[in-house]
Number of protein chains: 2
Amino acid sequence: MTDTSTLTRNQRLVLDALEGAEGPLGAYRILEELRPNGLRAPLQVYRALDRLVELGLVHRIECLNAFVACSAGHDHGGETIAFAICEECGRVTEFVDPEFEHRLGAWCSRHAFRRGKTTLEIRGLCESCAA
Amino acid sequence: MTDTSTLTRNQRLVLDALEGAEGPLGAYRILEELRPNGLRAPLQVYRALDRLVELGLVHRIECLNAFVACSAGHDHGGETIAFAICEECGRVTEFVDPEFEHRLGAWCSRHAFRRGKTTLEIRGLCESCAA
DNA sequence: GCCACCACGTTATATGATTACATACACCAA
DNA sequence: TTGGTGTATGTAATCATATAACGTGGTGGC
Ligand SMILES: [Zn+2]
Ligand SMILES: [Zn+2]
Ligand SMILES: [Zn+2]
Ligand SMILES: [Zn+2]
């Protein structure tokens, strides 16, 4: 897990908000939660989020335009993280699969595509909600 | 390839705009392009896009909040489409990988996750741009 | 002290998406 | 023919997401 002791006040607040949430939160939603703590403008939230994402403590969920605290603590060494997102309860499960990595790598080298950040998001229903 | 002869005027215009573009376009960008053709409001574009996506003629790129014309013509029978997106020139390449599909299915059934739409987007540099 | 650096704060604005409501036309049944 | 249903359309207003531009304030090196 990444070091967490050097976070600034705003970063700490945003991270706490995300860790306390059931699922992903949008930036403006976070802002509402943190108004009582003195945050007033979107940029304060976005700046904190940028840093937290950079540190790997928070992930951006593209298909929701929202953010979620990293729940894994696994060391995200550049490998692609898959997110299974329950559309009912909102919970997000992270996992990695070396075989994914391998297949993606194979396609990319076959096509001389220099790979950057990869997004893999699965929407659906989690076990509890599918019942 | 899906039937294209039944499109309405607005749908036709939006599809043509996307097919004429180098890469993905945002909805407001499309609107600008089509103002000369009489489109005036975002909703006109969004409605056309909804339908085109439904028909499989257009894909939404989540990480860009933008849309791209289907370049493959392959029959997208519910399988996950991977998009390789060049961050330099904007070009998007689609592909599918049955083995990938298989691994996804495996994880989902192991975790009793009922799978819905899956997003797989690879950002990076295409062969021409990586040079 | 002075400067560079970084976090922070504030306002305004750009971009993306939807809600609500009214209009127009094709098609079919009574 | 008339009325009703369904679908596409047009327009305005509004919500949601994200960034630009500018200024402030502390901290550490020199
Ligand atoms: Zn994580
Ligand atoms: Zn659930
Ligand atoms: Zn396609
Ligand atoms: Zn390129």
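Predicted model, so just to flag it, every value in this text is computed and none were measured. The analysis underlying the following values was restricted to heavy atoms, covering all of them including side chains, and did not include hydrogens, waters or symmetry mates. Naming convention: chains lettered A, B, ... in sequence-line order (proteins, then strands); numbering from 1 in each chain.
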Chemist: Whole Å only: how far is the CD1 atom of A:Ile30 from the P atom of D:dT17?
Modeler: 10 Å
Chemist: Reckon B:Arg40 has a side-chain N or O less than 4.0 Å from the OP1 or OP2 of D:dT11?
Modeler: yes
Chemist: Between D:dA18 atom C1' and B:Arg29 atom CZ, what is the distance in whole Å?
Modeler: 18 Å
Chemist: Tell me if the side-chain of B:Arg47 makes a donor-acceptor pair with the base of D:dG10, cut-off 3.5 Å, by modelled atom types.
Modeler: yes
Chemist: For the backbone of B:Gly90 and the side chain of B:Glu22, can you confirm whether one donor and one acceptor N or O come within less than 3.5 Å of each other?
Modeler: no
Chemist: Just by distance, do the side chain of A:Glu79 and the backbone of A:Pro98 share a donor-acceptor pair under 3.5 Å?
Modeler: no
Chemist: For A:Ala41, which contact category applies under a 4.0 Å heavy-atom criterion: base, sugar-phosphate, or nothing?
Modeler: base
Chemist: Is there a side-chain contact between B:Arg60 and the phosphate of C:dA17, meaning an N or O under 4.0 Å from OP1 or OP2?
Modeler: yes
Chemist: Atom CD of A:Glu54 to atom C1' of C:dC6: distance rounded to whole Å?
Modeler: 13 Å
Chemist: Please report, rounded to the nearest Å, how far the P atom of C:dT15 is from the CG atom of B:Leu31.
Modeler: 12 Å
Chemist: What is the distance, to the nearest angstrom, from the CG atom on A:Asp50 to the P atom on D:dT17?
Modeler: 16 Å
Chemist: Of all the choices, C:dG9, D:dA20, C:dT18, which nucleotide is nearest to the side chain of B:Tyr46 once you look at every atom?
Modeler: C:dT18
Chemist: To the nearest Å, how far apart are B:Leu64 CG and C:dG16 C1'?
Modeler: 13 Å
Chemist: Hey, does the side chain of A:Asn10 come within less than 4.0 Å of C:dG9's phosphate (OP1/OP2), counting only N and O?
Modeler: yes
Chemist: List the steps, then state whether side-chain contact (heavy atoms from CB on, under 4.5 Å) holds for A:Thr93 with B:His111.
Modeler: CA-CA 10 Å; A:Thr93 306; B:His111 293 76; 5.7 Å; no
Chemist: For the side chain of B:Glu121 and the backbone of B:Cys63, is there at least one donor-acceptor N/O pair under 3.5 Å apart?
Modeler: yes
Chemist: Are A:Tyr28 and the base of D:dT17 stacked, counting only ring centres nearer than 5.5 Å and planes tilted under 30°?
Modeler: yes
Chemist: Find the distance A:Leu39:CG to C:dG9:P and express it as a whole number of Å.
Modeler: 7 Å
Chemist: Kindly say whether A:Cys129 contributes a backbone atom to a donor-acceptor pair with the side chain of A:Glu88 at under 3.5 angstrom?
Modeler: no
Chemist: At less than 4.0 Å, is any side-chain N or O atom of A:Gln44 found next to OP1 or OP2 of C:dG9? Yes or no.
Modeler: yes
Chemist: In whole angstroms, how far is the P atom of D:dA16 from the CG atom of A:Leu49?
Modeler: 17 Å
Chemist: Return no unless some side-chain N or O of A:Thr8 is found under 4.0 Å from OP1 or OP2 of C:dC8.
Modeler: yes
Chemist: For A:Arg51 and for A:Leu43, locate the closest nucleotide of DNA chain C by heavy-atom distance; then report the residue assigned to the nucleotide nearer the 5' terminus.
Modeler: A:Arg51
